[in-house]
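Have a look at the structure below before the remarks.
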Number of protein chains: 2
Amino acid sequence: MGHVDIYRAIADPTRRAILDELADRSGQSLFELRARLVMKHGIDSSRQAVSQHLDVLETAGLVRTRREGRSKLHWLVGAPLKAIGERWPVSTDEDTPHSSDEDIEK
Amino acid sequence: MGHVDIYRAIADPTRRAILDELADRSGQSLFELRARLVMKHGIDSSRQAVSQHLDVLETAGLVRTRREGRSKLHWLVGAPLKAIGERWPVSTDEDTPHSSDEDIEK
DNA sequence: TTGACATGCAAGCCCATGCTTGCGTATCGT
DNA sequence: ACGATACGCAAGCATGGGCTTGCATGTCAA
């Protein structure tokens with residue numbers, strides 16, 4: 001699997017729905033997740049498709065897992081996503097742009 | 001151009017560098033941006049490539065523009081990115097997962 | 001007006017990505 | 001042991017995304 005950062009990981013709408021689901025209920029297995037994606041989000045992905053999405057999310061560090069018998073339980077790691085909103089500022093002059101070497105007077 | 005949301009817009013590393021650059025200096029033209037991407041980020045994208053990235057960012061609502069003579073100036077709209085960090089919670093038990101119908105004792 | 005500069009548009013190429021398909025492995029109940 | 005359940009792996013396919021290429025449009029300086 002190619003290099004995966006959190007930005008690429010959340011670029012896919014199905015993966016975002018998976019994160020939403022795990023936020024709603026922790027410790028879900030692959031089958032539980034798939035069932036809930038169909039019911040609550042109208043996403044009818046195959047087991048393998050969901051599994052591959054979970055691999056991407058886990059590689060990106062947004063999901064952790066624990067084996068429980070023959071199931072693999074998943075839970076959300078939301079902390080890394082906080083950094084995204086803090087990377088770029090919300091400038092105070094978003095509606096009145098100016099070039100930076102322009103003089104700002106008054 | 002296919003449907004563009006902010007998640008897909010920031011999935012590309014070059015586009016994130018563009019946002020970084022616009023955060024550092026507002027009101028840059030396409031040529032200014034391209035020059036600074038090469039110098040400060042080591043990204044040697046063509047003019048057309050940068051232009052298309054800017055289109056994606058503008059469509060996603062992360063960049064706004066203003067024509068200034070024969071140049072088109074760009075500036076960052078950072079506000080929509082704040083919502084990303086707030087979409088998913090940071091659970092308090094991210095390191096000690098449990099299935100949701102499991103009893104937690106002690 | 002002429003040429004240089006800054007950008008727009010549109011078609012084509014190539015590779016990454018998401019998905020399917022088929023088979024393999026491990027765990028549980030009986 | 002046997003079948004059923006839950007998942008893993010790996011190859012192939014098809015679409016989309018990022019980039020290039022070529023030409024067109026618009027603006028400024030002389």
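In the text below, chain A, chain B and the rest are named by the order of the sequence lines, each starting its count at 1. Quantities reported herein were computed from a predicted structural model and do not represent experimental measurements.
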Item to check | Any residue meeting side chain to side chain contact (heavy atoms under 4.5 Å, CB included) with B:A11, in chain and number order, not counting sequence neighbours | outcome: A:A11
Next on the checklist: My understanding is that only residues two or more places apart in sequence, or in another chain, count here; which of them pass side chain to side chain contact (heavy atoms under 4.5 Å, CB included) with B:S29?
Outcome noted: B:F31, B:E32, B:S71, B:L73
Next on the checklist: Does the protein touch nucleotides 14-20 of chain C at the base, only the backbone, or not at all? Give it as B, S and - per nucleotide, heavy atoms under 4.0 Å.
Outcome noted: ---SSBB
Checklist entry - Are the charged groups of A:E58 and A:K72 less than 4.0 angstrom apart, N to O? => result yes
Next on the checklist: Going by side-chain hydrogen bond (donor to acceptor under 3.5 Å, both in side chains), name the residues that satisfy it together with B:H53, two or more places apart in sequence or in a different chain.
Outcome noted: B:R15
Check residues 80-88 of chain A and write down every donor-acceptor pair under 3.5 Å in which the side-chain atom is one partner and the other belongs to a residue at least two apart or another chain.
| from | atom 1 | to | atom 2 | distance (Å) |
| --- | --- | --- | --- | --- |
| A:K82 | NZ | B:G85 | O | 2.6 |
| A:R87 | NE | B:D20 | OD1 | 3.2 |
| A:R87 | NH1 | A:Y7 | OH | 3.2 |
| A:R87 | NH2 | B:D20 | OD2 | 2.6 |
| A:W88 | NE1 | B:D20 | OD1 | 2.7 |

Checklist entry - Less than 4.5 Å apart, any side-chain heavy atom of A:V63 and any of A:V77? => result no
Item to check | Pairwise side-chain contact, B:E21 with B:Q28, heavy-atom cut-off 4.5 Å (strictly under) | outcome: yes
Checklist entry - In degrees, rounded to 10°, what is the bend between the two ends of the helix from C:dT1-D:dA30 to C:dT30-D:dA1, using five pairs at each? => result 30°
Between [atom2] of [N] and [atom1] of [X], the distance in whole Å:
X: B:D55; N: C:dC9; atom1: CG; atom2: C1'; result: 10 Å
X: B:L30; N: C:dG8; atom1: CG; atom2: C1'; result: 11 Å
X: B:R34; N: C:dG8; atom1: CZ; atom2: P; result: 15 Å

Starting at [atom1] of [X], measure out to [atom2] of [Y] and round the result to the nearest 0.5 Å.
X: A:L54; Y: A:T59; atom1: CG; atom2: OG1; value: 10.5 Å
X: B:D12; Y: B:I18; atom1: CG; atom2: CD1; value: 8.0 Å
X: A:L22; Y: A:L62; atom1: CG; atom2: CG; value: 10.5 Å
X: A:L19; Y: A:T14; atom1: CG; atom2: OG1; value: 11.0 Å
X: A:R34; Y: A:Q48; atom1: CZ; atom2: CD; value: 9.0 Å

Item to check | Partners passing salt bridge (charged side-chain N to carboxylate O under 4.0 Å, His left out) against B:D24 (at least two apart in sequence or in another chain) | outcome: B:R36, B:K40
Next on the checklist: For a 4.0 angstrom threshold against heavy atoms of chain A, report the outermost contacting nucleotides of DNA chain D in 5' to 3' order.
Outcome noted: D:dA4 to D:dA10
So which protein nitrogen or oxygen atoms get under 3.5 Å of nucleotides 26-30 of chain C's nitrogens or oxygens?
none

